[in-house]
Peer 1: 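I'd like to ask you about the structure that follows.
Please read all numbers here as calculations on a predicted model, not as lab measurements. Counting begins at 1 with the first residue of the sequence.
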Amino acid sequence: MIVGVGSRGWDHMTNQPVFVLGEELQALERAGFETEAEFQELLARHPRVLDFGSLADGRPLRLVLVAREMGVPTSTESAPAYWLDHLFVDADGVPTLVEVKRATDTRIRREVVGQMLDYAANAARYWPAALLRRSFEDTCVKDGRSLEEAYGELLGDQGDQDDRSAEEFWTTVEERLAAGQMRLLFVADQIPLELRAIVEFLNRQLRQTDVYAVELTQYRGGGDLRVLVPRVHGEVATAAKSPSGHRAAQRTTRADMDAAIASRPDPDVRRTATALLDHAAAEGRLECGTAKYRSMRVYYRASGRDVPIATLSLRDDPTKDDLSFAFGSITYHLGSERAAAFAASLPTLPGLAEKLEALPAKGYNGWPSVSLTALASEPTAVEGILSAIQQLVGDQE
């Protein structure tokens, strides 16, 4: 039996026992984890001990395991170079990267921070939606858990819908990774002061990424009785972040997009945005975005699958409206050669050309974007983009 006890109000952890009162009083003594593998297995089986905070709509946070020992590559062509201890995700599509260390491991003081930042940087580049989804579903199979139950926990009422709900969810996770919207959790049975200071510093500097250190103290009693006492460091620094760093999920409909387009003063911008959406609706499909601004993803059928090609985003500030291309997913689904050909076929536009030139060094991953203003200023640019998309999805391996 395992009992979890919250301890965020405790100012100091001691070696004093914890008392459980049943028919009689039982003292539980503080005990370390025998191995790091035991520690990791506990978190994989019981992620509730890491649930703190809430979702964008106020519901309690519930982390769901995507994979244990999640591979982290450093290019699209390479095998994983690193292995993250745990990857979790919540119902808002926010990924949570977890590294576990025991207090006896000296790397918990500083080295683990560089390790985690390395994981996060490469995950943002090389974890496309399809890989994340497959890892999650493989984990469900290994754990003997039905996909219907698992997706019901993540998608709620949408869990009974067809494959599109799951695909949309994992594309949202990919987008959050690319934007740096993630949680980084350092979990240990004792958090040293050096790590606490680094966590608080990172939280003050990073606008989109939340960083926490979770001290998970274990107490053991007679039989199999165990008490787990989590204590979270970094929440104060996270709460002090500006509101622009907070996530507010919403689902954008085509009507929402049309209303936003109609409010744009430039008729060329209105024509460009409408043409992009109309083409996707006729030749592919549109998916509701879940960002805090209005957005829609465009999918096209290629090589027997629906591939996310781009996202059209309409911001509160119209000068920041843009079209971004999902090269991570394009590369994953169709291969780097077709991604390279697609990049070469896109129109040369101000602000986009230099981003496309940087793609080979990134393994054709990332989200190069072009502003709608720049796109609308070139009379044939939108036709060029649509032609490039048709060529991409028309090419068969």
Peer 1: Find the distance between CG (L97) and CE (M116) and round it off to the nearest 0.5 Å.
Peer 2: 6.0 Å
Peer 1: Under 4.0 Å between a side-chain nitrogen and a carboxylate oxygen: does that hold for R45 and D143?
Peer 2: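 No, R45 and D143 are not salt-bridged.
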Peer 1: Do other residues, nucleotides or ligands put more than 12 heavy atoms under 6.0 Å from the CD atom of E38?
Peer 2: yes
Peer 1: Decide, yes or no, whether a salt bridge links R285 with D306 under the criterion of side-chain N to carboxylate O below 4.0 Å.
Peer 2: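 Counted as a salt bridge, because a side-chain N and a carboxylate O are separated by less than 4.0 Å.
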Peer 1: I would like to know whether Y151 and F136 meet ring pair (Phe, Tyr, Trp, His ring centres under 6.0 Å); could you show each step before the answer?
Peer 2: CA-CA 10 Å; Y151 275 118; F136 171 72; 5.2 Å; yes
Peer 1: Hey, are R176 and D90 close enough for a salt bridge, meaning a charged N less than 4.0 Å from a carboxylate O?
Peer 2: no
Peer 1: Please determine whether a side-chain nitrogen of the Lys or Arg among E99 and K101 lies less than 4.0 Å from a carboxylate oxygen of the Asp or Glu.
Peer 2: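 Yes, this pair counts.
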Peer 1: Report the residue from R270, R315, R264, R294 that forms a salt bridge (charged side-chain N to carboxylate O under 4.0 Å, His left out) with D321.
Peer 2: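 The passing option is R264.
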Peer 1: Given side chains that start at C-beta, do those of L42 and L216 come closer than 4.5 Å, heavy atoms only?
Peer 2: yes
Peer 1: Following the transitive rule for hydrophobic clusters with a side-chain heavy-atom cut-off under 4.5 Å over Ile, Leu, Val, Met, Phe, Trp and Tyr, establish whether W367 and L132 coincide in one cluster.
Peer 2: no
Peer 1: With a 4.0 Å cut-off, would you call E283 and R301 a salt bridge?
Peer 2: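 Answer for the salt bridge query: no.
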Peer 1: Going by heavy atoms in the side chains, are E215 and T217 under 4.5 Å from each other?
Peer 2: yes
Peer 1: Is the shortest side-chain heavy-atom distance between W127 and M70 below 4.5 Å?
Peer 2: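 When only atoms from C-beta onward are counted, M70 and W127 do touch, with a gap below 4.5 Å.
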Peer 1: Quick check against the 3.5 Å criterion: does S387 have a side-chain atom that pairs as donor or acceptor with the backbone of G384?
Peer 2: no
Peer 1: Given F52 and Y212, is the ring pair (Phe, Tyr, Trp, His ring centres under 6.0 Å) satisfied, shown in steps?
Peer 2: CA-CA 11 Å; F52 52 91; Y212 302 97; 4.8 Å; yes
Peer 1: Can you check whether T319's main-chain N or O pairs, donor with acceptor, with D317's side chain at less than 3.5 Å?
Peer 2: yes
Peer 1: Judged by atom type as modelled, is there a donor-acceptor pair below 3.5 Å linking the side chain of T274 to the main-chain atoms of R271?
Peer 2: no
